[in-house]
Amino acid sequence: MEAATMAWTAAAVGMALVYWFVWVMGAAEVKGKRAVDLKMGSITNDKVKDKYTQYWSFFRRPKETATTEASAEKVPAFVDTFYNLVTDIYEWGWGQSFHFSPSLPGRSHREATRVHEERVADLLQAKPGHRLLDVGCGVGGPMRAIAAHSGSNVVGITINEYQVNRARAHNRKAGLDSRCEVVCGNFLSMPFSDASFDGAYSIEATCHAPRLQDVYGEVFRVLKPGGLYVSYEWVTTSLYRADNPEHVEAIHGIERGDALPGLRRQDEIASIAKEVGFEVLKELDLALPPALPWWTRLKMGRIAYWRNSLVVRVLTMLRIAPKGVCEVHEMLYETAQHLTRGGETGIFTPMHMVLLRKPVESK
Ligand SMILES: C=C(CC[C@@H](C)[C@H]1CC[C@H]2C3=CC[C@H]4[C@H](C)[C@@H](O)CC[C@]4(C)[C@H]3CC[C@]12C)C(C)C
Ligand SMILES: C[S@@+](CC[C@H](N)C(=O)[O-])C[C@H]1O[C@@H](n2cnc3c(N)ncnc32)[C@H](O)[C@@H]1O
């Protein structure tokens, strides 16, 4: 073969490979969020690295962030930074629902996710005409599933403005914008009137609150008397041993890489709910057998992680993605290992479910 023909063939193969990696393989779970569209929320490209460094130095010692009042106050702002850094990567590599779900035999991740979300609507006995609150709504995957399944209207709140815009765009695209509304705000002090919701839920979101009492207290305030609240909580289980260095390493890794001001223990949740006035109707770790492991999705993704890190490296080199994306991606990769360890050892669950009721006779 002539040298020129060989060079053209190599160039064509190279371009085809780049196309395959970035557009075909890179467009992971959700159509519409491709690797080439990765942004770092509302952070401008030149600030990504600095913001990541600030985030990392704040959450490096998670327990300390919750124990002093001054640093606990800073948590929502750092959580906002975290979601600026990770929202697009989550959407690209996971989908529009930012949570785990038990695996379902013979069903896709997407279906397992939907089933886990519809369970919330069923527990709430949600109906057409009900007004539900989604506490920490992300880009609204659960909100759309719950509104579609139950016929209810849903109002979501998130601290991150970039997520508000993503969620509103997805709601419009799904034709659900007349029943799904999204508000930017802090769930520790919500911009809603007392007794204005028929029901409320939070899916893997309240773990970001330094004090669970504060967010549960707010949900209690905005619920109508008799209203139900379902929460899927991230907690350590009774198998966790604080004197086991492997356990401590996994739990710290989960906290650092997920913007958590210290995980709570499973047995603390119901008593905190009672402390703010709720009745506890049900409490169950949805990860327990017969449920199948939620962490297999993370483990099965090894090749995808390798491909994704190559994609972000190439896109950063080409200056399509901002500097700092590789560091954020690497942090998420490590977090996935800690989460898997937490799941395999049984010391951690992301789906400790509580079903609570605001007593009928309360104000
Ligand atoms: C509830 C929270 C988020 C839970 C999960 C949705 C996310 C936790 C860890 C995330 C991920 C880890 C590895 C990433 C991978 C390296 C990348 O290539 C593609 C995206 C990941 C799979 C990413 C996806 C979302 C998570 C599973 C917390 C924050 C309270
Ligand atoms: C892991 S995501 C889960 C999102 C959604 N529940 C889902 O399952 O797709 C956590 C969400 O909680 C929100 N959040 C965290 N702290 C918050 C706060 N103080 N006020 C409002 N939202 C907050 C984040 O912005 C994010 O949307």
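These figures come from a predicted structure and were not determined experimentally. Atom set for the values below is all heavy atoms of this structure, side chains included, hydrogens, waters and symmetry mates excluded. In this chain, residues are counted from 1 in sequence order.
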Are the side chain of [X] and the backbone of [Y] linked by a donor-acceptor contact shorter than 3.5 Å?
X: His247; Y: Arg241; result: yes
X: Glu218; Y: Asp214; result: no
X: Thr206; Y: Ser202; result: no
X: Thr87; Y: Asn84; result: no
X: Lys282; Y: Val354; result: no
X: Ser362; Y: Lys358; result: no
X: Arg256; Y: Met331; result: no
X: Arg110; Y: Arg107; result: no
X: Ser193; Y: Ser196; result: no

Identify which one of Asp134, Leu355, Ile146 satisfies the side-chain contact (heavy atoms from CB on, under 4.5 Å) criterion when paired with Val120.
Ile146
Taking the side chain as everything from C-beta on, heavy atoms only, tell me whether [X] gets closer than 4.5 Å to [Y].
X: Glu344; Y: Lys299; value: yes
X: His99; Y: Pro350; value: no
X: Val235; Y: Ile269; value: yes
X: Met351; Y: Asp285; value: yes
X: Leu356; Y: Leu228; value: no
X: Thr316; Y: Pro322; value: no
X: Asp122; Y: His149; value: yes
X: Tyr201; Y: Val135; value: no

How far apart are the C-alpha atoms of Arg144 and Glu117, what are their side-chain angles, what is the distance that settles it, and do they pass the salt bridge (Lys or Arg N to Asp or Glu O under 4.0 Å) test?
CA-CA 10 Å; Arg144 286 179 288 283; Glu117 294 167 347; over 6 Å; no
No-hydrogen, no-angle side-chain donor-acceptor test under 3.5 Å, [X] and [Y]:
X: Ser103; Y: Thr296; result: yes
X: Thr237; Y: Gln266; result: no
X: Tyr333; Y: Asn308; result: no

Within a 6.0 Å radius of atom [atom1] on [X], are there more than 12 heavy atoms belonging to other residues, nucleotides or ligands?
X: Glu246; atom1: CD; result: no
X: Glu161; atom1: CD; result: no
X: Arg168; atom1: CZ; result: yes

Start with the C-alpha gap between Phe59 and Tyr55, add the side-chain angles, then the distance that decides, and say whether ring-ring contact (aromatic ring centres under 6.0 Å, His included) holds.
CA-CA 6 Å; Phe59 273 104; Tyr55 165 80; 5.1 Å; yes
Pairwise distance [atom1]([X]) to [atom2]([Y]) - rounded to 0.5 angstrom:
X: Ile203; Y: Met143; atom1: CD1; atom2: CE; value: 10.5 Å
X: Met317; Y: Ile320; atom1: CE; atom2: CD1; value: 10.5 Å
X: Phe78; Y: Tyr83; atom1: CZ; atom2: OH; value: 15.5 Å
X: Cys137; Y: Phe98; atom1: SG; atom2: CZ; value: 10.0 Å
X: Arg264; Y: His352; atom1: CZ; atom2: NE2; value: 12.0 Å
X: Glu334; Y: Ile254; atom1: CD; atom2: CD1; value: 13.5 Å

State, to 0.1 Å, how close [X] and [Y] come at their nearest heavy-atom pair, and which atoms those are.
X: Val280; Y: Ala270; result: CG2-O, 3.9 Å
X: Gly257; Y: Thr335; result: CA-OG1, 3.3 Å
X: Leu263; Y: Glu255; result: N-OE2, 2.7 Å
X: Trp295; Y: Gly343; result: CH2-O, 3.3 Å
X: Val360; Y: Pro225; result: O-CB, 3.2 Å
X: Ser150; Y: Ser152; result: OG-OG, 2.8 Å

Where does the angle between the aromatic ring planes of Phe100 and Trp294 fall among parallel (under 30°), tilted (30 to 60°) and perpendicular (over 60°)?
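Tilted: the ring planes of Phe100 and Trp294 meet at 30° to 60°.
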Angle between ring planes, Phe197 versus Phe192, binned at 30° and 60°: parallel, tilted or perpendicular?
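Because their plane-to-plane angle is over 60°, the rings of Phe197 and Phe192 count as perpendicular.
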With respect to Glu327, which candidate in Lys49, Arg313, Lys51 satisfies the salt bridge (Lys or Arg N to Asp or Glu O under 4.0 Å) definition?
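Among Lys49, Arg313, Lys51, the one that satisfies the salt bridge (Lys or Arg N to Asp or Glu O under 4.0 Å) with Glu327 is Lys49.
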Can [X] and [Y] be counted as an ion pair, charged N to O under 4.0 angstrom?
X: Glu279; Y: Lys274; answer: no
X: Arg265; Y: Asp267; answer: yes
X: Asp198; Y: Lys224; answer: yes

Do Phe220 and Phe278 have ring centroids that are under 6.0 Å from one another?
yes
Does Arg297 qualify as a cation-pi partner of Trp94, given the criterion of NZ or CZ under 6.0 Å from the six-membered ring centre and within 45 degrees of its axis?
yes
CA sep, side-chain torsions, deciding dist, call: Glu91, Arg166, salt bridge (Lys or Arg N to Asp or Glu O under 4.0 Å):
CA-CA 10 Å; Glu91 270 203 57; Arg166 293 293 300 162; 2.8 Å; yes
Hydrophobic cluster membership, Trp234 vs Ile272, 4.5 Å side-chain cutoff:
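Trp234 does not cluster with Ile272.
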Asp258 vs His338, test: side chain to side chain donor-acceptor pair (under 3.5 Å). Steps then yes/no.
CA-CA 11 Å; Asp258 289 295; His338 293 300; over 6 Å; no
Going through the checks in order, is the ring-ring contact (aromatic ring centres under 6.0 Å, His included) test met by Phe82 and Trp56?
CA-CA 9 Å; Phe82 173 78; Trp56 191 248; over 10 Å; no
